[in-house]
Each structure stands twice: as C-alpha cells, then as structure tokens.
Number of protein chains: 2
Amino acid sequence: MVKSLMNDTQLEAIAETFAALADHSRLLILHTLQRHPCYVNELCEKTGLKQANASKQLGILRNAGLIDGQRQGNLVRYSISEPMIFEICELVCSKIERDTRRRFEELAPGKRG
Amino acid sequence: MVKSLMNDTQLEAIAETFAALADHSRLLILHTLQRHPCYVNELCEKTGLKQANASKQLGILRNAGLIDGQRQGNLVRYSISEPMIFEICELVCSKIERDTRRRFEELAPGKRG
DNA sequence: TGACAATATCACCATATCGCTATATTGTAA
DNA sequence: TTACAATATAGCGATATGGTGATATTGTCA
C-alpha cells in the first residue's frame, strides 16, 4: 500500500463537501440562493420544501461552509458564502450534458438534433 | 413555488455525480487512478481496499461515468474517463484550505504561519 | 475438459440519511 | 409577563450505503 499524497483527513473533508452537494433538495436551495439571498420562509415557498426540512438542509449546507445565515430579528437570511460551488456545478452540468448527448447518439446514430 | 430553471431530473443527475464523489474510498481510488491506470489487484494493493469493496466502489464510479474499465484477458484495467473531476477536486481542496487557514487564524490571531 | 486466477456479485449487518410530525428555541410586541 | 411568529431541533420510520465474507462469473492455461 502506497503512501498517499492525500491523507485521510483531507479526503474526508473533500468527501464531506461533496456529500453536502449530493442531494436534490440542497441543490435546489443553492440554486435558489444563487439568484438572491432568502429568508427561510421565502425559501420554503420557492422550493416547496417544508419548514423543518428546509431548516435541516440549510444546517447541513451551513456546516459544510457553503452558505451563511444571519439573524435579522425574527428572520434568518441565508446566502451563498462559497460562489465556487457554481463553478463546480457548471462543470458537472456540462459533463452530464455531454453524457446525455453521447447516449442519445448511441441510440439514434446519425440523427440530427 | 417558483418554476425552477433546473428540473428535477437535472438536479437528480447532478446530485448523483456528487454522491459518487462523496466517499473516502472512491476519492482514494480516483486519486490513485489519476497517477496512472490500474488493474483491480494493483488498486487494492495501493489503496488498502479489499477486493470485493474495490469492485463495488469501482462499479459506482463507472456507473457515474467517472472511470472506464477495459478487460485485458483476465484483468480489468481502470482509468479516469472524466478528467474534469480533478478540476472539481482542486476547487474543493482550495476551499478547504481557505477554511482551515481561516479557522486557524481565528484560534491564533496574529500568529504567523 | 479441469484447475486456477482475477474480478464481479450476493446477502448481510451496521450505520447514515431523508422527510415527516411534534416540539423547543428565539425574537417581537403588547 | 403573555401571545405570537419564525426558525431550529428531536425523534421516528423508511430507505440507502459502506464494508464484509461467501460465492458466482469470466478468462487463461494445461
């Protein structure tokens, strides 16, 4: 077994960041916050998530250091704290598009799209 | 609830890609394959993963379209099929470094590193 | 064909996670 | 203080996942 350039702690930290991104609801939240910061109730309305679930997912995103929440009286205003995630998502999206196109070509070779 | 620019299928596809990246063992495999393609037994040796587990995780990575496996007689040679993942990992790594440094600064303000 | 090697898959246990309801916490205003 | 609103947390059931040993599959060679 080879000595790794990456140690376990680093790998675990990277894995945790990806885990925070690996959920439909949380991606939806991030996608919503990308347009503009939101209070929790707004987020629930826009995403269709229930309040308890939204709070839970927001906590996970905040723990991962991807978003930031600031109390404003009775409300909490969440915003993206790590714009880098959109670069990442764009890379993934382009990969998925490529995959989809390739799979389509395999199914219907020569067809124009 | 607002109409999303991203539909559920797209979000699910993105989430699945991140899920494939959200595991310590799989990151270790990718990190190993980044240096050069490997046969399964080599991979087991280098990563310390057991054969059954390595096969399982390799299957997940292949399903996610991140790696590619080619039979060569009795062996199967795996290689990265999506170099983009290293761009992604680098972005995440730099974020983690930043976070770590910031946390360190908060604990020991003014200290030189 | 049979014996063997490399890899993949199966069945299982332990653990983690999602979304839910109910409840607790925190802040405002009277 | 009480009443109320916004958010967070607890606890639950259902489901998914990681790692394991055992076994199946696939390929090589005699």
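Residue numbers begin at 1 in each chain, while the letters A, B, ... track the order of the sequences.
When heavy atoms are screened at a 4.0 angstrom cut-off, A:Q51 is found touching base atoms of the nucleic acid. Nucleic acid contact class of B:N53 (heavy atoms, under 4.0 Å, all strands): base. At a threshold of 4.0 angstrom between heavy atoms, the contacts of A:L43 with the nucleic acid are absent. Residue contacts for A:R26: at a heavy-atom cut-off of 4.0 Å it reaches the sugar-phosphate backbone alone, with no base atom in range.
Contact between A:S25 and A:Q57 at its shortest, heavy atoms only, is CB-CG, 4.4 Å. Between A:K46 and A:C38, the closest heavy-atom pair is NZ-SG, 3.9 Å.
With a cutoff of under 4.0 Å to any heavy atom of chain B, the contacted region of DNA chain C is bounded 5' to 3' by C:dA5 to C:dT9.
Heavy atoms from other residues, nucleotides or ligands lying under 6.0 Å from CD of A:E90 number 12 at most.
Here the P atom of nucleotide D:dG27 and the OH atom of B:Y39 are 15 Å apart, to the nearest Å. Across the protein-nucleic acid pair, B:E12 atom CD and D:dA16 atom C1' stand 13 Å apart, rounded to whole Å. Atom pair B:L49:CG and D:dG18:P shows a separation of 12 Å (rounding to whole Å applied). Residue A:I29 contributes atom CD1, which lies 13 Å from atom P of D:dT7 at whole-angstrom precision.
When side chains are defined from C-beta on, B:V76 does not count as touching B:L58, because their heavy atoms never get closer than 4.5 Å. Between A:F18 and B:C89, the closest side-chain pair of non-hydrogen atoms falls below 4.5 Å.
Side chain to side chain, B:Q70 and B:R77 fail the donor-acceptor criterion of an N or O pair below 3.5 Å.
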Go through the steps for B:R101 and B:E97 under the test salt bridge (charged side-chain N to carboxylate O under 4.0 Å, His left out), then give the verdict.
CA-CA 6 Å; B:R101 191 167 304 136; B:E97 248 179 65; 3.6 Å; yes

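Taking only side-chain nitrogens and oxygens, B:N74 never comes nearer than 4.0 Å to OP1 or OP2 of D:dG27. Between B:S25 and D:dG19, a side-chain N or O to OP1/OP2 separation shorter than 4.0 Å is present.
Remark: the B:K56 side chain and the D:dG19 base include a donor-acceptor N/O pair separated by less than 3.5 Å.
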